[in-house]
Participant: 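Just dropping this structure here.
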There are 2 protein chains.
Amino acid sequence: MVKSEMFHVKPIVATSSLRALAYDALKEAITNMNIYDQKDEVRLDERKLSLNLGVSRTPVREALTVLEQEGFVRFEARRGVFVIKKTKSEIVAMIQAWSALESMAARLACTRATDEQLACLREHFPEFYEGRPSDHMDEYSDANIRFHQKIISLGQCDVIRDITSNLLMHVRGIRNAALRQGDRAANSIREHVAIIEALEARDADLSERLVREHGLGLARHVEMYGDYLD
Amino acid sequence: MVKSEMFHVKPIVATSSLRALAYDALKEAITNMNIYDQKDEVRLDERKLSLNLGVSRTPVREALTVLEQEGFVRFEARRGVFVIKKTKSEIVAMIQAWSALESMAARLACTRATDEQLACLREHFPEFYEGRPSDHMDEYSDANIRFHQKIISLGQCDVIRDITSNLLMHVRGIRNAALRQGDRAANSIREHVAIIEALEARDADLSERLVREHGLGLARHVEMYGDYLD
DNA sequence: GACTGGTATTTGGTATGCCAACTTTCTCGA
DNA sequence: TCGAGAAAGTTGGCATACCAAATACCAGTC
């Protein structure tokens, strides 16, 4: 018997399927293009896509099927596949659902997160304590997104994490645009600080309320000033 | 020109795609089978399915792709498609996400729903005011599901409606099973009555809290007594 | 009889071809 | 010149063919 313990092979090749690769490529392309700049809806050509991706139509279609189910594209029989432009009211609805889930995550975090995990909120987001975010708006936009994702991860609920990660893809652009309107950034920072303090105090009711009101405030803002979406 | 206004044709033939038909058939089959009775995971054979459905593998695969994205099945390369059995902690996580969304729907309903719509809650669910639901458990289980769906529809948020409708498919069986354990049915009725009253009083904070606690109570119950799921 | 190695079969992944419906372009007559 | 209609070209939906990996089966050896 050969001493097989002496062979240390690589764990696994784990080469992803073409479908997964096509999905990643398409999703990145869709989220990176700013859909709301285009006047008309963007149409995707299955044959061109499979040509550009270097694979056949089959995995492309299966990837598009997933994207349809996630609300990114829409199939029209014998007309084409179109990238969906969300209406203002749809965006508002997504932000409301987001608020519901993030506020629940905050509630769960109050009992589940360790002190070390909660400390990450302050450590990783020092910019929340500085005065003028408008100078570094791009960085702050990213930090803003990360802050909300961090709260959700602290909730340690995979279902909430998965659902919100999808919603984020749709809302990311709008959230950042709204930050630049009016005096929202400064307000946003104050609210974030209050949320951190409530979490550190492990006050579930307060944390939940603050997160919810923060989110619903964004929803109201989009409702009022988001007419450019339609 | 023919006066086309005089013709009132049927809206559209709207013959669904085979993919949609396959999706409906598979989803119904999956939700109707009780997955948790089976010892092993159930494997689906693409070729047998397409044979039984009378279509080719292509639309079947596309339907399965959607079901995978919804968390009902799992593809294993060159091994098969398996119906997913959720673990207890996954069920708990889904109930928590559900509670977040339903409580937000209740909050929204307080400002959005008309008096007539709120009245439907009492009219359609008279059994909540009767004493012994255990005699008609099946009917009560259905009414229970309808009650929660009604609250969500009163919230008038399409995103919340869509997401919860998916969660419901996964949780339906467990919710009904939990009702039969211990004295939960009677408790459930009392809580439903309190929720109706809070909504009728248009007390958003109270409605939200009652709905959330009702849901999280179910989550705790499954957490404690749902060991049969694993 | 158990084990090894190879071979046949099964099965999901992918590529390709065909079709019907929709668009666009061309044609021809008023 | 213009428009109706036909023909040609697109395009997504579906079916089918083929491939590689995984499994099942079998023969041969010790």
Side-chain angles (χ1 to χ4, degrees), chain A residues 1-4 7 9-27 29-30 40-84, chain B residues 1-4 9-26 29-30 40-84:
Chain A
M1 167 87 69
V2 178
K3 296 212 173 193
S4 61
F7 294 142
V9 294
K10 280 196 167 181
I12 281 186
V13 282
T15 168
S16 333
S17 64
L18 295 186
R19 181 181 97 189
L21 297 177
Y23 170 81
D24 293 340
L26 291 174
K27 187 159 188 175
I30 289 178
D40 301 332
E41 282 193 307
V42 179
R43 196 178 74 80
L44 303 178
D45 186 311
E46 289 186 0
R47 285 175 170 83
K48 282 203 184 74
L49 286 179
S50 53
L51 211 64
N52 293 343
L53 292 170
V55 298
S56 82
R57 286 175 57 207
T58 307
V60 173
R61 272 185 65 83
E62 292 184 346
L64 287 172
T65 297
V66 176
L67 290 170
E68 178 192 35
Q69 212 278 327
E70 293 179 339
F72 288 102
V73 302
R74 168 173 42 87
F75 281 75
E76 280 187 32
R78 276 154 232 110
R79 289 192 42 93
V81 183
F82 297 90
V83 180
I84 290 184
Chain B
M1 169 85 73
V2 177
K3 297 210 173 193
S4 58
V9 294
K10 281 195 167 182
I12 282 188
V13 281
T15 165
S16 323
S17 62
L18 294 186
R19 181 180 97 190
L21 297 177
Y23 170 81
D24 293 340
L26 290 174
I30 289 177
D40 301 332
E41 282 193 307
V42 179
R43 196 179 73 82
L44 304 178
D45 186 312
E46 288 187 5
R47 287 176 168 81
K48 282 204 184 74
L49 287 179
S50 53
L51 211 65
N52 293 343
L53 293 169
V55 298
S56 84
R57 285 174 58 206
T58 305
V60 173
R61 272 184 66 82
E62 290 180 347
L64 288 172
T65 297
V66 177
L67 290 170
E68 179 192 34
Q69 211 278 328
E70 293 178 339
F72 288 102
V73 301
R74 166 173 45 84
F75 280 75
E76 279 187 32
R78 275 156 232 110
R79 290 192 40 92
V81 183
F82 297 89
V83 179
I84 289 184

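By convention in this document, chain letters (A, B, ...) are assigned in the order of the sequence lines, proteins followed by strands, and residues within each chain are numbered from 1.
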Participant: For Phe72(A), check ring pair (Phe, Tyr, Trp, His ring centres under 6.0 Å) against everything at least two apart and list the hits.
Facilitator: His170(A)

Participant: With Arg47(B), which residues qualify under side chain to side chain donor-acceptor pair (under 3.5 Å), at least two apart?
Facilitator: none

Participant: Partners of Ala20(B) by side chain to side chain contact (heavy atoms under 4.5 Å, CB included), sequence neighbours excluded?
Facilitator: Ser16(B), Ser17(B)

Participant: Using whole Å, what does the distance between atom P of nucleotide dT11(C) and atom CZ of Arg57(B) come to?
Facilitator: 10 Å

Participant: Give the residues of residues 61-79 of chain A touching DNA chain C, defined as any heavy atom closer than 4.0 Å, sorted by residue number.
Facilitator: Arg78(A), Arg79(A)

Participant: Does anyone know the first and last nucleotide of DNA chain D in reach of chain B, 5' to 3', at under 4.0 angstrom to a heavy atom?
Facilitator: dC14(D) to dT23(D)

Participant: Just to verify, what does Glu46(B) make a side chain to side chain contact (heavy atoms under 4.5 Å, CB included) with, not counting sequence neighbours?
Facilitator: Arg57(B), Arg61(B), Leu64(B), Phe75(B), Val81(B)

Participant: Can you list everything that forms a salt bridge (Lys or Arg N to Asp or Glu O under 4.0 Å) with Arg78(A)? Sequence neighbours excluded, please.
Facilitator: none

Participant: Any chance you could measure Leu67(B), atom CG, to Ile30(B), atom CD1, to the nearest 0.5 Å?
Facilitator: 5.0 Å

Participant: Taking salt bridge (Lys or Arg N to Asp or Glu O under 4.0 Å) as the test, write out the residues that go with Asp24(B), two or more places apart.
Facilitator: none

Participant: Which pairs pass ring-ring contact (aromatic ring centres under 6.0 Å, His included) with one or both residues in residues 40-62 of chain A, sequence neighbours excluded?
Facilitator: none

Participant: With a 4.0 Å heavy-atom cut-off, tell me which residues in residues 45-54 of chain B come close to DNA chain C, sorted by residue number.
Facilitator: Asp45(B), Glu46(B), Arg47(B)

Participant: Could you pick out which residue, Thr58(B) or Gly80(A), lies toward the 5' side of DNA chain D when each is mapped onto its nearest nucleotide?
Facilitator: Gly80(A)

Participant: Can you tell me whether the side chain of Arg43(B) and the base of dG12(C) have a donor-acceptor pair closer than 3.5 Å?
Facilitator: no

Participant: Taking only residues two or more places apart in sequence, or in another chain, which ones meet Glu70(A) in a salt bridge (Lys or Arg N to Asp or Glu O under 4.0 Å)?
Facilitator: Lys27(A)

Participant: Would you say a side-chain N or O of Ser56(A) is under 4.0 Å from OP1 or OP2 of dA15(C)?
Facilitator: yes

Participant: Of all residues at least two apart in sequence or in a different chain, which pass the side chain to side chain contact (heavy atoms under 4.5 Å, CB included) check with Leu18(A)?
Facilitator: Leu21(A), Val55(A), Pro59(A)

